[in-house]
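Below is one structure, written out as structure tokens; comments come after it.
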Amino acid sequence: MRVRYAPSPTGDFHVGGARTALFNYLFARHHGGSFILRIEDTDQKRFNPEALDWLLNGLRYLGLEWDEGPDVGGEFGPYTQTERLDIYQRHCQQLLDEGKAYRCFCTAERLDAVRKEQQKNKQRSGYDRHCRNLDPTESAERANNGEQHTVRIKLPLAETITFQDKVKGKITFDYTNLQDAVIMKSDGIPTYHLANVIDDHLMQISHIMRGDEWVNSIPLHLLLYQSFGWQPPVMVHLPLILNPTGKGKMSKREGRAPDGRVLPVFVRSFEEMGYLPEAMINYLALLGWSLDDKTEIFSKIELIEHFSLERIKPSPAAWDYDRLDHFNGDYIRQLSVEALTEQLLPFLEQAGISATSETLSPITPIIQERIKTLSDAASQVDFFFVENLPDYDSAELIPKKMDAAQTITALQEAKSVLTTAEFEHDALDSALRTHAKSVGLKVGQMFQPIRVAVCGRKAAPPLLDTLAVLGRETCLKRIDQAIESLNR
RNA sequence: GCCCCCGUCGUCUAGAGGCCAAGGACACCACCCUUUCAAGGUGGCGACACGGGUUCGAAUCCCGUCGGGGGCACCA
């Protein structure tokens, strides 16, 4: 089994592409086959020099290592199409010689005009086969004289083709509805169709696994295989990923949620936001594939073990950010404190918080179940790392059914406990509870003011652990500041 | 417009004629736990697009309608 992921380096690495790469990878690993990376850079106009790095880094982040590719080589190289132009030329010439393809001298202007006319007359748009029956000798002569031309494949004029797709099942096309597609552009670079077919054959690809948007070109590709006398690979077309709304295929550009939150679509963005590769892979695998009616969490090893083409669904699936967040939170909670601490450090630094393994590790366990992404941590731990809190919001400081004066009293009572208590969870717990009770306060009436005084907000990690980490000095100082703020 | 594909809770899905008065998960709601926020637990809301067949019996098979998606480039 040999499969390939063959992206075009025109833009950033999209999660849709990542899903395709993942399925190819899982299939290869499941069967002990090879996963090949091929760069289809035949579109010079849209080529983006950064795209290759984005792609390679993205695949590495996801942990989808490839066996053959542009950087690692392999016995079927080169793996970048622009380095294989002579191969395409040779094969194209063969089709020309055998009369299976023909040169087209039509100008872009003429093609435009034809298309416009067809649209005006509500006819099917497509090439009118103007050059199809040019005399071969004349055609060769004009080409030799340097006349600009493309090469088009000669489609059967009346024929129907039926083939099997592993996901979709039987599909039938009528060649009459298709047109003589360009296989070689006038600059001597092949189009996707030609290069893709030649490479898949030469690289001995056994299964073509790619997005659904390609099904319409299967008849053309099949004709190409047939023209060369080659056996086509097994076709596997993966359902498209739709926008969260279910409307249209997932955007190629990052969007924004109604609340202003960025909606990432690039692998790089998810990485930067602190999504764990394990969670990404788990989520991605379940978009269009499932094992059974209950298993949700899969490690990469388990995915490899269970993956099968038969269980790929034919219908498209909408992207669900909430579900991804759920998976990511789950994987974050599975991490050891040490591992999570190390993963968190770069994200905190990014946010301008200078934490270290030593200062962060006591905090990690108390925020672990409160974050969905690694970048969420910054806004949760910030108060541990600042010298002075921003001004207090007295509405938060003062508990319901209490006033400023009562709150000040509560804080003063708390202070008296914290001045002497041992700064450790259990000791603080019993000391504060007992004292609150003895001065006639409910636990919450004392805890809320302390929490806000110390953390600067109501929604915060567990209080006692927080106090213990912060230490006596800081806690007392912040409580004083809170009292002062209430007196103002 | 033409061609191809798809159609189970809002979303991801299980379901390959009787095991389904349709199961799980996310989201949402309620309750429990609880010092807040989470996490966790329990419960709830919620779907076979519609209409015809076939069959003793259909979410599952067939046809049509409707809806959705994709493709119709010297882009991939």
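All values below were derived from every heavy atom in this structure, side-chain atoms included, with hydrogens, water molecules and symmetry-related copies excluded. Chain naming here is simple, since letters A, B, ... match the order of the sequence lines and numbering starts at 1 in each.
Taking the six-membered ring where the residue is Trp, the centroids of A:Phe23 and A:Phe307 are separated by under 6.0 Å. Ring centroids of A:Trp319 and A:Phe270 are separated by less than 6.0 Å, placing the two rings close together.
For the residue pair A:Gln334 and A:Asp330, a side-chain donor N or O sits within less than 3.5 Å of a side-chain acceptor on the partner. Looking only at atom types and distance, the side chain of A:Asn243 has no donor-acceptor partner in the side chain of A:Thr245 under 3.5 Å away.
A sub-4.0 Å separation between OP1 or OP2 of B:A76 and a side-chain N or O of A:Thr42 is present. Residue A:Lys294 places none of its side-chain N or O atoms closer than 4.0 Å to OP1 or OP2 of B:U13. Phosphate contact (OP1/OP2 of B:A76, side-chain N/O of A:Arg210, threshold under 4.0 Å): absent. For A:Arg311 and B:A16, the shortest distance from a side-chain N or O to OP1 or OP2 is not below 4.0 Å. A:Arg370 has no side-chain polar atom (N or O) that falls below the 4.0 Å cut-off from OP1 or OP2 of B:U36. Taking side-chain N and O atoms only, A:Lys249 has no distance below 4.0 Å to OP1 or OP2 of B:G68. Phosphate contact (OP1/OP2 of B:A14, side-chain N/O of A:Lys313, threshold under 4.0 Å): present. In terms of phosphate contacts, A:Lys170 brings no side-chain nitrogen or oxygen within less than 4.0 Å of OP1 or OP2 of B:C4. Regarding contacts with the backbone of B:A39, a side-chain N or O of A:Lys372 is found under 4.0 angstrom from either OP1 or OP2.
Annotation: B:A16 and B:G70 have their P atoms spaced 30 Å apart (nearest Å). If you take atom C1' in B:G52 and the same atom in B:C66, they sit 14 Å apart, rounded to whole Å. On the C1' atoms, B:A73 is 38 Å away from B:C50, given to the nearest whole Å. Spacing of P atoms, B:C62 relative to B:C26, comes out at 34 Å, to the nearest Å. Comparing the P positions of B:C61 and B:A14 gives an interatomic distance of 14 Å, to the nearest angstrom. Remark: the separation of the C1' atoms in B:C48 and B:A58 is 11 Å, to the nearest Å.
Where A:Thr191 and A:Leu178 meet RNA chain B, the nucleotide closest to each residue was compared, and A:Leu178 sits on the side nearer the 5' end.
In this structure, A:Thr172 reaches the sugar-phosphate backbone alone: every heavy-atom distance under 4.0 Å involves primed, P, OP1 or OP2 atoms, never a base. Note on A:Tyr192: a base of the nucleic acid sits closer than 4.0 angstrom, heavy atoms only. If you check every strand for non-hydrogen atoms under 4.0 Å, A:Pro244 touches nothing. Among the protein residues, A:Leu286 comes within range of the sugar-phosphate backbone only, with heavy atoms under 4.0 Å from sugar or phosphate atoms but none that close to a base. Residue-level contact check: A:Trp319 touches neither bases nor backbone, having no heavy atom under 4.0 Å from any strand. Counting non-hydrogen atoms under 4.0 angstrom, A:Arg457 reaches nothing in the nucleic acid. Residue A:Ile450 is classed as having no contact, given no heavy-atom separation below 4.0 Å to the nucleic acid. A:Gly288 comes within 4.0 angstrom of sugar-phosphate atoms only, judged by non-hydrogen atoms across all strands, and of no base. At the heavy-atom level, A:Gly248 lies under 4.0 Å from the strands shown only through sugar-phosphate atoms. Among the atoms of the strands shown, base atoms are found under 4.0 Å from some heavy atom of A:Lys458. If you check every strand for non-hydrogen atoms under 4.0 Å, A:Pro461 touches a base.
Looking at A:Asn216, its side chain comes within 3.5 Å of the base of B:G70 through a donor and an acceptor atom.
The A:Ser315 side chain lies nearest to B:G7 when the options are B:A76, B:A14, B:G7. Closest approach to the A:Gln179 side chain among B:A73, B:G40, B:C75 is made by B:A73 (side chain taken as heavy atoms from C-beta onward). Closest approach to the A:Ser186 side chain among B:C26, B:G40, B:C74 is made by B:C74 (side chain taken as heavy atoms from C-beta onward). For A:Arg323, counting side-chain heavy atoms from C-beta on, the closest listed nucleotide (B:U36, B:C75, B:A25) is B:A25. Taking the side chain of A:Lys45 as heavy atoms from C-beta on, and the options B:G69, B:C74, B:C6, the nearest nucleotide is B:C74. Comparing B:G71, B:C75, B:U13 by their closest approach to the side chain of A:Ala317 singles out B:U13. Proximity note for A:Lys247 (side chain, C-beta onward) versus B:A39, B:G69, B:A76: the nearest is B:G69. Checking B:U36, B:U13, B:C3 against every side-chain atom of A:Ser290, the shortest atom distance belongs to B:U13. Comparing B:C74, B:C3, B:C26 against the side chain of A:Asp320 picks out B:C26 as the nearest. Counting only heavy atoms from C-beta on, A:Glu296 has its side chain closest to B:A25 among B:C6, B:A25, B:U11.
Shown here, B:C66 forms a base pair with B:G7; the pair counts as Watson-Crick or G-U wobble because both key distances fall under 3.5 Å. Nucleotide B:A30 forms a pair with B:U42, judged by Watson-Crick or G-U wobble geometry with both contacts under 3.5 Å.
Below 30°, between 30° and 60°, or above 60°: for A:Trp214 and A:Tyr192 the angle between ring planes is below 30°, a parallel geometry.
Exactly one residue among A:Leu397, A:Leu441, A:Thr409 makes a side chain to side chain contact (heavy atoms under 4.5 Å, CB included) with A:Met402. That residue is A:Leu441. A ring pair (Phe, Tyr, Trp, His ring centres under 6.0 Å) with A:His221 holds for exactly one of A:His237, A:His201, A:His193; it is A:His193.
A heavy-atom distance below 4.5 Å is not found between the side chains of A:Ile39 and A:Tyr79.
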query = For A:Gln81 and A:Asp199, what are the C-alpha separation, side-chain angles and deciding distance, and is it a side chain to side chain donor-acceptor pair (under 3.5 Å)?
reply = CA-CA 8 Å; A:Gln81 291 189 326; A:Asp199 286 347; 2.9 Å; yes

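One can place CD of A:Glu147 at 17 Å from P of B:C74, the figure rounded to the nearest angstrom.
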